[in-house]
Amino acid sequence: MADKSPAPKEQEQQDKSAKDKPDTNPQDSEPSNIRMRAGDYMVHIFIEQGRALMPPGGADTSDPVIVVTAFSTQKSTKPLNDVGGSSIVYWGEHIYIEGKNIQPDDFKDQRITIEVRDHNKLWKDALLGVHEIDMVYIYSQKDHAIIHRWVVLSNPEDQHFDVVRGYIKIGVSVLYEEDKAVDLAIREDMSQKDKEMLLPPHVKPVTVQLITQILKAENLPVMDRGGTLDAYCVARFAGAESKTSTIVADKATLTAYWYEEIYLPILVPCVTNTMSLTFWDWDSTSADDLVGSVVFNFDKIRRGLYKDYFWANIYGAPPLAEGDAAEYMNHVPQFASNWRGRVLLRQWVEEGASETYKKTQRIAEANIDVKIRDNFEVGQEYEIRAQVMSGNALPFKKGKYSVVISWSGAESISSLQQTENASVDWYETLRRQICMIPNLAEKDLPDVFVYLVYDEKRICYARIKPNKCMDINGRAEWIPLIPDKSIGKVKENWKAGFVRIRIYIGPFDSDNDDLKAGHWDQKLIKPKMEDWVLLTHVFQARDLPAADGVGLSDPYLVIYCAGVEINTKNKPREQTLNPRWYETFPLQIRTPSIEDAPPVLVSLFDYDVLSKDDMMGRALIDLSDASMNTDLAPRPKWYPINLGTPDSEKGAILCSFTLARPSSVPRFNITPKFVDKTVEINILGLRGLKPAVGFLPVNKAFVRVDLNSLDLPEVSQGIKFLQTQPFEGGSDPNINSTLSFRCKIPEDPLYAPVLTCTVCDNLFAGLSQPLIGTFSIDLGKYSEMKKSLKSQFFSSQFMKVTTTLTNPLNLDIEEEKIPQSKTQMSPLPPQSTKQKPELEVLLPPGMSSSKITDEAGNFESVDLSHDTDIDKKPSEQPSKVYEDLSKVEIPFEEAVSNSKIVLMPQYKESKTKKLIEIYPPNPDNYLAIGYNREPDDGKKHYRYYIHEELEKIPIFEKSAFEEFNILRGASRGVDELPTLHTTHQEKDGQKSTVECVGKFKALIRVIDYPPKWQPFGFLTGLMGSKDFPDDNSDFESIARTLLVKTQCVVRVYIIDAFDLEQKDSFSKSDPYFKVKLGGRSINNREEHQEDVCDPKFFKCHDFETTIPGQSLLKISMWDYNKVFPDSKIGTTIIDIEDRFFNKSWRGLKEVPVETRALYLPASRRPQGYVRMWVEIHHNTVIPDQVDISPRPPAKFEARLIIWRCEDVENMDFEGVSDLFVRAWVNQEKDKETDTHYRCVRGKGSWNWRMKFPISLPQAENTVTIQIWDRDVFSRNDFIAETSFEFNEIATMALEENQRVKKKGSSENWKERVMNTENEKFWVTCKKRDKKGGFEDGGKVLISFELVPEMRAQACPVGEGRDDPNIDPKLPPPIGRFEWSLNPLKMISQLCGPEFKAKICLLICCALCCLLLIFVFPMFFSSVMSNLITK
């Protein structure tokens, strides 16, 4: 049972074969390149619009409301009123649903359900349609989002499930707490509009039939007292589900026979890809019990990989287990702890079926039971052999253990053995089991389960793939166990332990049963143990989790191997997260051989006096890592520390191991070589400190450095601590002090120590100095010298440097020129670069200063002013060659190097000799800032847009200062700590109170003591250049700069915010912002915006500050409340000093727009995002602010004229209709025409004008027109409707501020033949037929135009046909009902042509009857007289 990874070729063959065989692994539905992480996730759904929403129950209209379900949480939009079946409706609403502490395996089964319901105030809402989306599908998309996509709605509960119920346009994002922000409402590229859809609304989706035949299931577990179970199966996919009948399983074989097939209608394409079969035990008096489940990939089903009969294994929790853990195992088979049987089935998809169904029926195939019996109740016998050797590090140190090996319904049990210090020896060969594997089941053999039994409970288990047990000569291996959380006896993963077992699975041949192969015939006896001394060389540990409330721990070691342990509990390392031992610990162990020895467990615990010691983590080391060389101590390695799972990894321990015989145990000096070093910490200050005592603000914080953390254990120096003076008060004190001390540091960076530092507050004149938090400095990061790199640069560039020094004016040397962009998308020109090279590092972008400092800190006059083209009119620019960047993706590095951070718009003359903008840059890369008051005034520009913080861009990741998070709180043993701090759950599932209580900023370097002489020391000023990178040069340069106070103006441009968290219970937040820098703050509360999650601000504010000084720029979003205190939505913090001293920032000629996440201390997940940019200017020369104000809404009057209609269906039995038209524009209140009573032949006439006041721009512009039949004594009848967009003329009217008319298909047939459009045009109305499709419901002749408000007021027109009836003049309608004293005329008007024909026919029939009545007596008498005469 060798657990070895296959060779690359073998792996390739396995992957290829895996694609062609049925696979029930639930991970099939997850893209292979997606890595989920544990933590908080946010689902954001932007509901844009809907169309063709089919009213339920044959109704004419509906009041649709959208309900979104995710993470077991429901949220809904507002309902709309009286929406017809062919309307276009707009919501424009954002819905946010948060998933807390989602584990990767939980995420794979999560879905987003979008339901459209018909809102009812009194009764339950009726379902219009539903659409399901897998979260994994969304997370696998670019930026973890889909934007501007249409989805199709279906109703799987309705008998006409194949009918499309409508379409909704949405954007969906699923973001992890650390993912980039995505703006789902970003401007849509009109050229690509509605092209990338989940399903276009103009394409009818295809309904396919998913057929699953469930024949039989065998080896099911006993679930009832009667020794059997009442089994049924539920098939579910994309919201549709159906189940089989309930069958009582056979008591002897626990086999259930169904011979049934389940039909599920599936609307494709579909973004849900996981189809599940769950098996249940029916109970009459209680809830049904879930037995287990199987999941399938729908794409594989559709490709026909499951069309033939196959067996699938059912996995689940232990029988009758309850709780969340059992529920999880039953629904996620890959993490189940029990095999629950196998099911015989087949699945396929019927494409192009004339009819689809949702039903369950018996398989119609004749003699299906005989076929199954003959083919699948026979098979091949397989055997499983098992040997149990030992157990190690078992959960309980006292008691008896046994081991159960279970496979394919067969179980073998070892004897009960007493443990000795959590170690057990069995050395038993378990009873060989013979299992009948039915035909085809050998393609998917079940997994092997190994159970550790304690106190008659299977407390831990291991799950082994059968292909790892196929080697009959395989060696026994140590298998890590997993605690069965559904049992709950062992709760921590690290306590589960290990067992050493040997398993073989293979075909059984009774005629050729050779037990000698693999030596399985030999009696297993406990081997003779060898005595060894395991020398564990422990050097140090680092970055351990905190287990005390102050953020530190008192760690000690526990080393365990083969039932022997040693600990250092009597000598814990106090108050440190980076303990050092440099000590060798011997363990006398006994093992049969080195190859068969159990792993070494090096555990770290936190020592507590009054409570139970807390487990901090453990390292798992294979004994093969131990050295057998007793002459030299092995070089150590860093081993990660965790709590039994990779997700819980925190910290590492440096150690090595030596194995020696007891008779010759060597002694090693494991102390590395130390050298004298000088550590310099130039402290800038502390930022964002939180109080040490909750009710008191930070007074005067100071930093204390623990020098003992650098010394070897038991070695103490005279000075134990160094600390700064508590001088400046507040939460952002500047310290501006240098701590310099000499110490001994290992020459080898592998052993580099970690310096422990604490931050304390000085309260009550120093009588109280409570701890604020702690941080650690890894000195190894600063002690590694780059001598080879420097020498390489020096040797290759020496001549260049010499030339530069001898010719400082560069008279004969050509300077390297920055490449300029040739594009005519005019970027802003770069700043002047006339400053001295050595002083260039002091200036941030946009710092339009006339003075900079020299090396002595004195100001020198330098002209840094520069012209900008941002206000230059296009007419003043040189002739342009237009460049289309509308679809070009420009990386940020390219935008910087080509000076494309800011682009000016391009204009071209239209046919009317007006300037119109062409080729706007890609909206994914650029935001439009400002607007032109005149088409050529140059006020508008485009600015590069980054979808995350500027500090996260690779070229900005390196800060000029070292920054350390100051932490407080514990992440181990939280339940036993008395704490008032907020508890949260970390990614590894552990409770934690750890929080960041501030930041420490400093320059740090480690240099030789005494300093070595440097040749060419006079080149120090050049060593900071790009040709000679030198950290010391930067250190000196910045250190000198910190001695000078620079007066600056920080300019903050706030554009907008989006995805803001909802703070009000029943509505969106009412956001406003606050900006604070130092002692000055800006409050935007008076301009708060109501009920929006994406407010637009477009504000600019200036703040004066001193650098170094109070440098934390805080931008906060708040929710306005009238009665209660305002609620904070979130805050983002920008450190101005980091940007001021950052080389990359100083290299920017213009600053891009960045997207910054807003956070609250109680959550790791962003509470929203703000788009903004920041500039830093010297206060002597401050440029004018860029006008970023948006175009104010323009008032227009939308004029809609309803002329007449044709081909409208008659709604009254008389063959006439009382027609009127209802219409509305955008979200304005609807209006109606007058009523054309007694309209015949579907030809109505109105000549009616409607006026709608609207504001532009709008995201979408739509006119909706409905035709109705008016009834006096009943509800009006809806006939048909249409909607059309007018975005194009809206844009034209807005930009040109002129009257614009919409044109369409003319009423004149000659113009229609010539494809000539007219101001009076026809629109076709649609209605739903009985099958849910669309059919024509008539057409309406209309006119539509947009008129600027000022022009509308100057030249008003009347509503309807009222005065002033001009532009155009509307004549009275024709064909209207007229009162008359002529009854025939009245009848003619009251009745339609068909009804009049019927009346005429009735009159003729009546006259004929009268004629017969009068003529018949005469005829009868004539006949009688003739008879008498004869």
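Checking side-chain atoms of D40 against main-chain N and O of E177 turns up no donor-acceptor pair under 3.5 Å. For Y1053 (side chain) and V1186 (main-chain N/O), a donor-acceptor pair under 3.5 Å exists by modelled atom type. Between the R943 side chain and the V1151 main chain, a donor and an acceptor come within less than 3.5 Å of each other. Checked by atom type and distance alone, the side chain of S76 never pairs as donor or acceptor with a backbone atom of V67 at under 3.5 Å. Not a single donor-acceptor pair under 3.5 Å links the side chain of N1261 to the backbone N or O of N1287. Looking only at distances, no side-chain donor or acceptor of T1132 sits under 3.5 Å from a matching main-chain atom of R1156. Using modelled atom types, no side-chain atom of T69 and backbone atom of Q74 make a donor-acceptor pair closer than 3.5 Å. Using a distance-only test at 3.5 Å, with no hydrogens or angles considered, a donor-acceptor pair links the side chain of N1226 to the main chain of T1262. A side-chain donor-acceptor contact under 3.5 Å links E1154 to the backbone of L950. The backbone N or O of P1253 lies less than 3.5 Å from no partner atom in the side chain of K1195, so there is not a single donor-acceptor pair.
For the pair L903/H941, no side-chain contact is recorded, criterion being any heavy-atom separation below 4.5 Å from C-beta on. With contacts defined as side-chain heavy-atom distances shorter than 4.5 Å, the pair V130/V116 does not qualify. Residues W91 and I66 form a side-chain contact, since some pair of their non-hydrogen atoms from C-beta on lies under 4.5 Å apart. Contact check for V1153 versus Y942: no side-chain heavy atoms found under the 4.5 Å cut-off. Using a 4.5 Å heavy-atom cutoff, the side chains of R111 and T274 are in contact. Looking only at side-chain heavy atoms (C-beta outward), T1282 and T1324 stay at 4.5 Å or farther from each other. Considering only heavy atoms from C-beta on, E48 stays 4.5 Å or farther from Y90 through its side chain. With contacts defined as side-chain heavy-atom distances shorter than 4.5 Å, the pair I1129/L1060 qualifies.
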- Query: H44 and D1059: side-chain hydrogen bond (donor to acceptor under 3.5 Å, both in side chains), yes or no, with the steps?
  - Reply: CA-CA 8 Å; H44 174 199; D1059 290 3; 3.0 Å; yes
- Task: Mind running salt bridge (charged side-chain N to carboxylate O under 4.0 Å, His left out) on E351 and R302 for me, showing each step along the way?
- Result: CA-CA 9 Å; E351 310 276 356; R302 202 173 182 191; 2.7 Å; yes
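In this structure, Y167 and W150 have perpendicular ring planes: the angle between them is above 60°, well past the 30° mark. Aromatic ring orientation, Y1169 versus F1058: parallel (interplanar angle below 30°, classes split at 30° and 60°). Between F1097 and F1073, the two ring planes are perpendicular [angle over 60°; tilted spans 30° to 60°]. Aromatic ring pairs are classed by plane angle as parallel below 30°, tilted from 30° to 60° and perpendicular above 60°; the pair Y139 and H144 is parallel. Note on ring orientation: taking the six-membered ring where Trp is involved, the planes of Y944 and Y926 are perpendicular (angle over 60°, cut-offs 30° and 60°).
Under the 4.0 Å criterion applied to side-chain N and carboxylate O atoms, K940 and E917 are assigned as salt-bridge partners. The residues K1068 and D1091 are annotated as not salt-bridged, no charged nitrogen and carboxylate oxygen being separated by less than 4.0 angstrom. In this structure, E1061 does not pair ionically with K1063, as no charged nitrogen and carboxylate oxygen lie closer than 4.0 Å. A salt bridge between K180 and E948 is present, with a side-chain N of the basic residue lying under 4.0 Å from a carboxylate O of the acidic one. The residues E1281 and R1222 are annotated as not salt-bridged, no charged nitrogen and carboxylate oxygen being separated by less than 4.0 angstrom. Using a 4.0 Å cut-off between a side-chain N of Lys or Arg and a carboxylate O of Asp or Glu, E132 and R236 qualify as a salt bridge.
For H947, the ring pair (Phe, Tyr, Trp, His ring centres under 6.0 Å) test picks out Y945, with sequence neighbours left out. By the side-chain contact (heavy atoms from CB on, under 4.5 Å) test, D1056 is found to be paired with K1096, R1171, residues two or more places apart in sequence or in another chain being considered.
Distance check, rounded to the nearest 0.5 Å: OH of Y919 to OH of Y907 gives 16.0 Å. Residue L1256 holds its CG atom at 10.5 Å from CG of N1297, rounded to the nearest 0.5 Å.
Within a 6.0 Å radius of NZ in K1303, no more than 12 heavy atoms belonging to other residues, nucleotides or ligands are found. Counting heavy-atom neighbours within 6.0 Å of E893 CD, excluding the residue itself, gives a total above 12.
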